[in-house]
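Nothing fancy with the numbering, it's 1 onward along the sequence. All values derive from a computational prediction rather than experimental measurement.
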Amino acid sequence: MGTPPGGASVTTQNGRVRDAVTTARRVVVKIGSSSLTTATGGLADERVDTLVDTLGRLTAEGREVVLVSSGAIAAGLAPLGLSRRPRDLATQQAAASVGQGLLIGRYAASFARHGRTVGQVLLTVDDVTRRAHYRNAYRTLRKLLDLRAVPIVNENDTVATQEIRFGDNDRLAALVAALVHADLLVLLSDVDALWTGDPTRPDSTRIAEVRDDTDLAGITIGGAGRSGVGTGGMVTKVEAARIATGFGIPVVLTAADLAAPALAGEPVGTLFHPQQRRPTARLFWLAHATSPRGRLHLDPGAVAAVVGRRKSLLPAGITAVDGTFTAGDPVDLVDTAGASVARGLVNYDAVELPGLLGRSTSELAAALGPAYEREVVHRDDLVLL
């Protein structure tokens with residue numbers, strides 16, 4: 001943790017305050033397992049209290065805070081006599097069921113010192129991809145903030161299956177930031193910034209700001225950290241930053257022990273600048289919060305129509321169908337090389353489509369009835385990847 005040898009100090013990195021941080025009224029903060037727990041499992045109480053003290057000061061200023069916290073599985077290891085993070089899903093879920101109560105209880109006690117109540121919000125992918133669930137998740141988070149409580153968000157590890165997992169809490173944090181229309185996302189871990197290479201090497205330099213993907217060219221992005229209790233790494237944090245900035249939300253990536261100066265606007269860590277144009281929420285969720293249930297293979301003409309002219313996908317342009325899905329599910333549209341070019345909500349079940357391929361909608365309507373004179377994927381339900 002902290003700044004590696006040869007790195008710049010907190011007070012001299014660029015000598016100015018980040019306005020995007022100091023003006024943010026609604027802030028989502030994500031903390032990783034390694035920053036909250038010991039390497040053998042169990043919560044590190046002093047680390048929790050240090051983080052809560054920083055967030056408590058924000059709420060005292062009238063700012064809204066949503067905390068996305070890892071640590072449930074790691075917190076459950078020691079009580080269950082487990083020496084390391086389990087690999088199988090069932091044991092992970094057992095550890096999460098024990099650790100989640102310990103985690104939220106510790107947060108409740110720590111935030112109480114600042115006169116704040118916490119609310120536990122456990123999410124699965126369905127909660128931010130299915131429209132009714134999405135609205136319910138938003139209303140719950142919004143009401144907690146209105147009541148001046150601090151939502152503590154985590155993936156519902158006790159019930160999530162491999163098929164409906166976010167995969168890491170960095171991605172979850174980015175999606176939650178978009179869900180609540182946050183003004184800022186702060187990703188806290190055991191690394192103080194994004195570096196051009198291994199931060200322990202003298203030839204590596206800190207990347208102070210990222211304005212677009214060209215600023216990331218030629219750098220080495222590492223995987224999970226050395227603690228062994230988390231699931232993410234720098235790759236997931238950069239991807240989370242891409243998701244959030246794509247929704248118009250600035251992101252600060254830094255170490256947990258630099259949370260206070262980072263949230264005060266000091267130029268620590270790495271600031272990812274947001275894109276100027278915010279996409280529609282529906283297409284944002286389709287691109288970043290869904291997992292495809294199948295693939296539709298397109299001929300070159302269909303690729304040109306969908307990607308180049310933003311047209312709907314018709315049966316005539318599809319050459320093959322993969323997967324098991326029903327009408328309304330997300331599917332990927334792939335080109336002749338098998339690369340995904342778009343994602344959309346399909347209007348047919350997988351079992352229906354093979355008999356429709358290569359045929360025009362007018363031909364299908366004449367042969368099968370007017371119900372078949374419709375697009376496979378309408379352009380309003382389609383996002384380019």
With heavy-atom distances below 4.5 Å as the criterion, would you say the side chains of [X] and [Y] are in contact?
| X | Y | value |
| --- | --- | --- |
| L298 | V334 | no |
| L353 | L296 | yes |
| Q275 | D212 | no |
| V331 | P292 | no |
| V52 | L55 | no |
| R139 | R135 | yes |
| L175 | I243 | yes |
| L314 | E375 | yes |

Distance check, rounded to the nearest 0.5 Å: [X] atom [atom1] versus [Y] atom [atom2]?
| X | Y | atom1 | atom2 | value |
| --- | --- | --- | --- | --- |
| T22 | L263 | OG1 | CG | 11.0 Å |
| L172 | T236 | CG | OG1 | 11.5 Å |
| D329 | Y348 | CG | OH | 15.5 Å |
| L357 | R359 | CG | CZ | 10.0 Å |
| D198 | T200 | CG | OG1 | 3.0 Å |
| N347 | T326 | CG | OG1 | 11.5 Å |

Heavy-atom pair of closest approach, residues [X] and [Y]:
| X | Y | value |
| --- | --- | --- |
| P300 | T336 | CD-CG2, 3.9 Å |
| A95 | L77 | CB-CD2, 4.4 Å |
| V321 | H297 | N-CD2, 4.5 Å |
| P330 | S291 | CG-O, 3.5 Å |
| L194 | T270 | N-OG1, 2.9 Å |
| A182 | I249 | O-CG1, 3.5 Å |

For the pair [X] (side chain) and [Y] (backbone), establish whether a donor and an acceptor sit closer than 3.5 Å, ignoring hydrogens and angles.
| X | Y | result |
| --- | --- | --- |
| R293 | T324 | no |
| Q92 | P86 | yes |
| R47 | T37 | yes |

- Query: Should the heavy atoms of other residues, nucleotides or ligands under 6.0 Å from CZ of R113 be counted, would the total exceed 12?
  - Reply: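 Atom CZ in R113 is crowded, with more than 12 foreign heavy atoms closer than 6.0 Å.
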- Item | Residues that D332 engages under salt bridge (Lys or Arg N to Asp or Glu O under 4.0 Å), provided they are two or more places apart |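 Partners of D332 by the salt bridge (Lys or Arg N to Asp or Glu O under 4.0 Å) criterion, ordered by chain and then number, come out as R343.
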- Task: Starting from the C-alpha separation in whole Å, work towards a yes-or-no answer on side-chain contact (heavy atoms from CB on, under 4.5 Å) for L51 and L188.
- Result: CA-CA 10 Å; L51 172 65; L188 301 175; 3.9 Å; yes
[X], [Y]: one ILVMFWY side-chain cluster at the under-4.5 Å cut-off?
| X | Y | answer |
| --- | --- | --- |
| V307 | I318 | yes |
| V351 | Y372 | no |
| L345 | V341 | no |

- Message: Using the ring pair (Phe, Tyr, Trp, His ring centres under 6.0 Å) criterion, which residues pair with F284? Sequence neighbours excluded.
- Response: F247, H288
Run the side-chain donor-acceptor check on residues 376-385: report pairs under 3.5 Å with partners two or more places apart or on a different chain.
from: H378; atom 1: ND1; to: D380; atom 2: N; distance (Å): 2.9
from: D381; atom 1: OD1; to: R282; atom 2: NH1; distance (Å): 2.8
from: D381; atom 1: OD1; to: R282; atom 2: NH2; distance (Å): 2.6

- For the pair D183 and T23, evaluate side-chain contact (heavy atoms from CB on, under 4.5 Å) and give the outcome as yes or no after the intermediate values. CA-CA 8 Å; D183 302 309; T23 60; over 6 Å; no
Output side-chain donor-acceptor pairs under 3.5 Å for residues 69-76, partner residues at least two apart or in another chain, one line each.
from: S69; atom 1: OG; to: Y107; atom 2: OH; distance (Å): 2.8
from: S70; atom 1: OG; to: N169; atom 2: ND2; distance (Å): 3.0

- Message: If hydrophobic residues (ILVMFWY) are linked whenever their side-chain heavy atoms come closer than 4.5 Å, directly or via other members, who joins L147 in its cluster?
- Response: none
Quick one: side chains of residues 24-32, donor-acceptor pairs under 3.5 Å with protein atoms, not counting sequence neighbours, listed by atom name and distance.
from: R25; atom 1: NH2; to: E61; atom 2: O; distance (Å): 3.4
from: R26; atom 1: NE; to: E64; atom 2: OE1; distance (Å): 2.7
from: R26; atom 1: NH1; to: V180; atom 2: O; distance (Å): 2.8
from: R26; atom 1: NH1; to: H181; atom 2: O; distance (Å): 3.4
from: R26; atom 1: NH2; to: E64; atom 2: OE1; distance (Å): 3.3
from: K30; atom 1: NZ; to: D170; atom 2: OD1; distance (Å): 3.0

- Item | Worked check of side-chain contact (heavy atoms from CB on, under 4.5 Å) between L144 and V121 | CA-CA 10 Å; L144 285 169; V121 181; 3.8 Å; yes
- Output, in order, the C-alpha distance, side-chain angles, deciding distance and verdict of salt bridge (Lys or Arg N to Asp or Glu O under 4.0 Å) for D49 and R106. CA-CA 9 Å; D49 288 342; R106 189 66 192 82; 2.9 Å; yes
- Message: Apply salt bridge (Lys or Arg N to Asp or Glu O under 4.0 Å) to residues D53 and R57 and explain how you reach the verdict.
- Response: CA-CA 6 Å; D53 288 345; R57 287 191 289 272; 5.5 Å; no
- Item | Residues D213 and R242 bridged, charged N to O under 4.0 Å | yes
